[in-house]
Amino acid sequence: MMPYDLSPLWLSLRVAVISTLFVFLASLALARLMSRREFFGKSLVEALILLPLVLPPTVIGFGLIVLFGANGPLGILLEQWFGFRVVFTWIGAAIASFVVSLPLMYQSVMAAFDKVDPRWENVARTMGVSEWRIFRTITFPLAWSGILAGLILAFARGIGEFGATLMIAGYIPGVTETVPLAIYFAYEAGDMEKALFWVLIISSLGVAAITWVNYWRKKNAVRIGRE
Amino acid sequence: MLKVNFQKQLDHFNLEMQFELNKEILALVGSSGSGKTTLLNCLAGIVHPDNGTILLNGRHFYKDGQKPLKIQKRKVGYLFQDYALFPHLTAEQNILYGQPRGTDVSHITELTKILGITGLLGKYPHQISGGEKQRVALTRALAAQPGILLLDEPFSALDDANRDRCQEELLRIHEQWQIPIIFVTHRIADAEKLADRIIRVEKGLMAEETVV
């Protein structure tokens with residue numbers, strides 16, 4: 001029998017899986033747009049995507065509260081259109097994870113697309129194939145190893161998010177208590193054994209993710225290098 | 001018939017091309033960086049001229065004041081230098097990549113026999129030799145039954161025996177298919193052996209040479 005209530009783990013996994021799914025779709029669309037189109041304000045858009053890498057989590061949390069709070073523009077819209085609140089809910093935690101992991105995934109996807117030889121796409125075009133099919137059957141499969149590495153990093157970053165999550169989702173046991181929050185509040189309460197339990201759980205997940213990414217990269221380098 | 005008359009500013013010079021080509025084999029010779037590959041890329045639609053006209057069999061690929069014809073609609077077979085085979089697809093998947101499902105592929109089956117690659121179809125690019133890659137890439141370029149065939153240094157990675165064999169095959173294909181073929185080479189011997197016409201390109205300017 002487990003010594004502790006495992007709900008923080010399930011909640012963290014739910015938050016990280018959902019935020020990673022959205023990060024995956026958004027970063028593919030953004031990387032595609034940024035690598036192929038020239039438009040006014042492009043560098044500003046790129047700076048905004050990457051900004052969470054250099055901002056303190058509290059600033060990100062503050063920005064999310066301003067946007068998604070009960071009186072924030074997006075908060076009002078979501079409440080009116082879909083009838084749900086972001087602040088003090090697990091959705092807020094997922095949005096915080098999304099914002100902090102998007103730049104990591106975006107950088108990985110850009111690097112992965114850069115590695116795809118443009119001649120492969122051009123030769124496919126000369127064969128009369130549509131841009132969407134080229135993306136689906138040439139660009140994406142050949143960039144997949146880099147994209148997957150980015151997904152793992154984004155997932156790991158999302159599951160470990162603390163500062164912004166605390167600000168927007170708060171600490172409500174059983175509702176918004178993710179593993180990082182559980183560690184902090186167990187430590188605050190002097191329950192070192194519980195804090196250590198969650199530290200070991202999340203560290204194991206991190207080690208497993210990084211080990212797997214490294215293994216995948218090595219395996220893939222051998223395969224792609226042959227052509 | 002192919003009619004080419006365009007200009008394009010490159011880094012260090014202006015590329016000026018003007019020639020007409022029937023169902024002949026044209027060799028482009030000249031030193032590296034002289035604009036030969038850019039000409040092929042302009043014909044394929046990968047890059048566009050600054051001004052002028054490119055016309056193949058009455059279809060404007062490029063014309064001043066008009067949107068360039070999309071690469072996908074040009075029906076150009078292009079064999080890139082180093083072949084650019086898709087590394088994650090087998091030779092057969094490479095060749096059939098642009099073929100819609102259910103299309104008649106009997107001409108491709110015949111090509112694979114002519115080029116002797118039927119035994120390679122299940123193999124990936126990293127499992128076959130340079131000469132075999134070249135033949136797979138040539139079959140792929142011809143699979144869509146193009147109106148013109150562009151070859152960028154098609155024989156550069158081949159040893160003498162393979163080069164001779166590939167050149168013979170190219171001549172046979174040209175005789176059978178009767179389409180204009182333009183190939184870039186730095187070996188004047190290849191140009192003289194294969195081409196009906198030779199154009200020398202140096203720093204963007206072209207001059208026609210007499211085939212001996």
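On a predicted model such as this, the values are computed, not experimentally measured, just so you know. Each chain gets a letter, A, B and so on, in the order the sequences are listed, and its residues count up from 1. Values reported hereafter were calculated over all heavy atoms of this structure, with side chains retained and with hydrogens, waters and symmetry mates removed.
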No-hydrogen, no-angle side-chain donor-acceptor test under 3.5 Å, A:Glu177 and A:Ser7: no
- prompt: Side chain, backbone, both or neither: which part of A:Ser130 has a heavy atom under 4.5 Å from chain B?
  reply: backbone
query: Between B:Gln127, B:Lys70, B:Gln99, B:Arg140, which has the largest tally of heavy atom pairs under 4.5 Å with chain A?
result: B:Arg140
Note, A:Arg125 side chain near A:Ile134 side chain (heavy atom, < 4.5 Å): yes
message: Between A:Val123 and B:Tyr97, is there a side-chain heavy-atom distance shorter than 4.5 Å?
response: no
query: Side chain, backbone, both or neither: which part of B:Asn94 has an atom under 4.5 Å from a heavy atom of chain A?
result: backbone
Test item: B:His12 and B:Lys203 side chains (from C-beta on) under 4.5 Å apart, heavy atoms: no
